[in-house]
Amino acid sequence: MESLRILLLSASRPSRTWKIADRIKREIPEAEISGIIQQVLPRLPLTQQLVLAGGADEGFFPHPALSRVGLWFHCVLEKLVHWLVWCIHGCPRGLNVVKMFTTAHLAAKCWQAACPLLLTRDTNDAKVLDFIREHSNLVIVLGEVELGGELWRLPARGLVRVRTEEDLERAKEGIQIRLEYFAPDTEAGCTLACVALPAQPYDGWLGLTLKNDLIADDLLVEAAKGLRQERTMEPEEVARWAHQIYAPCLAQLKGQSLQSAQGVPVQQRYRSIWKLCLDTLLLCSPLFVVRNWYRRCRSRYPVLVLTHHLVSDRPHRMGISTESFWRQVRFLQRHYRIVSLSDAVELLRSGRVTAPTVVLTFDDGYGDNFVNLRAIADEAEVPVSLFITTKPVDAQTEFQHDLANGSTGHLPLTWNQIRYWAPRGAEFGSHTQTHVDCGSVDCTTLEREIGGSKEDMEAHLGAPIRFFAFPFGKRENLSAQAIDIAASTYPYFASGLDGENFPSKTINQPHLFRKNLYPNRWELELELQAVFQRVDRWKGLLRRRQRADSLQLRRQATSAAASPTGELSSACTKDN
């Protein structure tokens, strides 16, 4: 049987080209990436060029009506803010600042992997046809490439591509993502699978591009798997896979009215501007700057675990839109090291954390995350950790805490999706069976919920579960009995108690503290630097002191009324 020699013909960004080449090598060991044809950057679609450059950035990319002077001032201000944050953090070393992945980076990767590369302006050029004829027996097309000339006749095992039936920049009713296969010497392609991505109220061109590319890459890899043994493919094979993986999360998006959400505000900031300005002055004070420099000198930066629930482009009280989360990740990548939970606990046990470090965690297991969160995590190449409530996943029912708050239509992930995602950049932990309040002292219920969720997940994933997160996670939701059971069942457990996790070689701390992942970067940075925590502590001390002073005054007044002098004065008044 002739080996599967795959050539990638890409009219997409170079970073995506290399990622899918690397993914094919990992997931199809018997396949070989025999060559890559990459369209040069100026010829790529505008959306691909902007994603390559970092995407739209509210608050950083100015309004187009600004003058050149305004643009220059904005760029200078942006660089100044990033430099200031870096200095406040103690000028840490070892941060991998994300840079634009260009064709030069792709050429370096191909040279290291001994993979032939051809850069071209026209995908139907004679050099392209000769390159395909020499290096491949299966062509995988990324992006919109016109199959003109003899291109569709060349591959011995055919050609696979994904076509998007709507312009991403003008998609109002959603887009159709169609996987097509062209058999050898066949000009007409057959459709292997079709995935409908409905439009959502908070969709933007960036989010749609990333989601479209994620689904397209999944389909292309599955098609390559189907062709690794045979020269032809049964169309139903990939269609069944696509329905099994994508239908559960996309079906719940259909039929939603975009107009119904127009009046629903997206809460991007939870505090007023003047309060944030005061908190920022505190952040820039010697109290925090000296603290961070001390942490740098001692290599004792805390590991900060961020918690959220779902990345969603439709209204949800706990949601963050795809594009907002993209901006948060880009900011975090610039100033923090993003690691998985497993890497985080190893760092803590090593006793040395040399750079500001964060972990991204998501609770409950919402189905929206399978496309939206995964699209951002895949593009940014960051690990994420998800804590799953197992019974709603089993029954495919909405979460009770959503229904109690009047939120409907948000179903959980499926076990097929969890198993698919686990080896592709996600780490899973348990979150009880039914999202029970663990402030209970009923040990029987707690053991069933906390231990039972671990058994459920291990049965479905076939791997040990090391992490547990308490639902709700506040002090009143953590009974002593629940903490004891979690500590005896899992190596590590997390709560929503605001705090920092410090490295230590001598003390194994199983309790991980988490902070809120705010959708606004200003608030997020203040949260990560514990400014809000310090201000709340000061306010609490002030309130306690005021209560103590008030209580003291009441005691003095009571003592004065009951004193002998007061009794004598009262008696004299009566005699007169």
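For this chain, numbers begin at 1 and follow the sequence in order.
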Would you say [X] and [Y] make side-chain contact, with heavy atoms under 4.5 Å?
{"X": "I388", "Y": "L386", "value": "yes"}
{"X": "L304", "Y": "V359", "value": "no"}
{"X": "W293", "Y": "V289", "value": "yes"}
{"X": "L360", "Y": "S385", "value": "no"}
{"X": "H435", "Y": "F399", "value": "no"}
{"X": "K505", "Y": "R349", "value": "no"}
{"X": "K391", "Y": "D456", "value": "yes"}
{"X": "R93", "Y": "R296", "value": "yes"}

How long is the span from the [atom1] atom in [X] to the [atom2] atom in [Y], to the nearest 0.5 Å?
{"X": "L214", "Y": "L197", "atom1": "CG", "atom2": "CG", "answer": "10.0 Å"}
{"X": "H410", "Y": "L253", "atom1": "NE2", "atom2": "CG", "answer": "8.5 Å"}
{"X": "H308", "Y": "N516", "atom1": "NE2", "atom2": "CG", "answer": "8.0 Å"}
{"X": "R291", "Y": "Q529", "atom1": "CZ", "atom2": "CD", "answer": "5.0 Å"}
{"X": "R298", "Y": "F502", "atom1": "CZ", "atom2": "CZ", "answer": "12.0 Å"}
{"X": "I320", "Y": "N372", "atom1": "CD1", "atom2": "CG", "answer": "11.0 Å"}

Is there a donor-acceptor contact under 3.5 Å linking the side chains of [X] and [Y]?
{"X": "H105", "Y": "T102", "result": "yes"}
{"X": "D364", "Y": "H401", "result": "yes"}
{"X": "R514", "Y": "T361", "result": "yes"}
{"X": "S495", "Y": "H511", "result": "yes"}
{"X": "E398", "Y": "T408", "result": "no"}
{"X": "Y246", "Y": "D218", "result": "yes"}
{"X": "H316", "Y": "H309", "result": "no"}
{"X": "Q481", "Y": "D442", "result": "no"}
{"X": "S430", "Y": "Y490", "result": "yes"}

query = Do the numbers put R16 on top of the ring of F101, so that NZ or CZ is under 6.0 Å from the six-membered ring centre and no more than 45° off the axis?
reply =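 No cation-pi geometry.
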
Ring-face cation of R424 near Y420 (centre distance under 6.0 Å, axis angle within 45°) =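 Yes - R424 lies over the ring of Y420, closer than 6.0 Å to its centre and within 45° of its axis.
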
Determine yes or no for a side-chain-to-main-chain donor-acceptor pair under 3.5 angstrom, with [X] supplying the side chain and [Y] the backbone.
{"X": "Q533", "Y": "D498", "result": "yes"}
{"X": "S10", "Y": "S12", "result": "yes"}
{"X": "S324", "Y": "S321", "result": "no"}
{"X": "E449", "Y": "Q433", "result": "yes"}
{"X": "D437", "Y": "G439", "result": "yes"}
{"X": "Q396", "Y": "V393", "result": "yes"}
{"X": "Q252", "Y": "L411", "result": "yes"}
{"X": "R314", "Y": "G409", "result": "yes"}
{"X": "Q417", "Y": "T414", "result": "yes"}
{"X": "Q328", "Y": "L517", "result": "no"}

ask   = Which pairs, with at least one residue in residues 372-397 and sequence neighbours excluded, count as a ring pair (Phe, Tyr, Trp, His ring centres under 6.0 Å)?
value =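 Listed by first then second residue: nothing to list.
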
message = For T280 and W522: C-alpha separation, side-chain torsions, deciding distance, then whether side chain to side chain contact (heavy atoms under 4.5 Å, CB included) applies.
response = CA-CA 9 Å; T280 303; W522 193 358; 2.8 Å; yes

Under 4.0 Å between a Lys/Arg side-chain N and an Asp/Glu carboxylate O for [X] and [Y]?
{"X": "R295", "Y": "E500", "answer": "yes"}
{"X": "R521", "Y": "E525", "answer": "no"}
{"X": "K109", "Y": "D22", "answer": "no"}

ask   = Just one of D313, D368, D378 clears the salt bridge (Lys or Arg N to Asp or Glu O under 4.0 Å) bar with K211, so which one?
value =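 So the option named by the test is D313.
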
Give me the atom names and distance for the closest heavy-atom approach of [X] to [Y].
{"X": "P92", "Y": "W86", "answer": "O-NE1, 3.3 Å"}
{"X": "S440", "Y": "L446", "answer": "O-CD1, 3.3 Å"}
{"X": "T17", "Y": "I20", "answer": "O-CG2, 3.3 Å"}

inquiry  = As a quick check of understanding, evaluate side chain to side chain contact (heavy atoms under 4.5 Å, CB included) for R317 and D402, giving each step before the final call.
reply    = CA-CA 9 Å; R317 60 191 178 89; D402 275 352; 3.6 Å; yes

request  = Take Q509 and Y492 through the side chain to side chain contact (heavy atoms under 4.5 Å, CB included) test and state the conclusion after the steps.
outcome  = CA-CA 8 Å; Q509 175 57 268; Y492 300 94; over 6 Å; no

task = Kindly determine whether F362 and F428 satisfy ring-ring contact (aromatic ring centres under 6.0 Å, His included), including the steps that lead there.
result = CA-CA 10 Å; F362 292 80; F428 289 93; over 10 Å; no

request  = Mind running side chain to side chain contact (heavy atoms under 4.5 Å, CB included) on R23 and K19 for me, showing each step along the way?
outcome  = CA-CA 6 Å; R23 181 175 170 184; K19 284 175 193 172; over 6 Å; no

Less than 3.5 Å apart, which donor and acceptor atoms pair up between the side chains of residues 460-475 and the rest of the protein, not counting sequence neighbours?
{"unit_1": "H460", "atom_1": "NE2", "unit_2": "W415", "atom_2": "NE1", "d": "3.3"}
{"unit_1": "R466", "atom_1": "NH1", "unit_2": "S342", "atom_2": "OG", "d": "3.3"}

task = Taking atom CD1 of I507 as the centre, report whether more than 12 heavy atoms of other residues, nucleotides or ligands fall under 6.0 Å from it.
result =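 At most 12 heavy atoms, drawn from other residues, nucleotides or ligands, come within 6.0 Å of this atom.
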
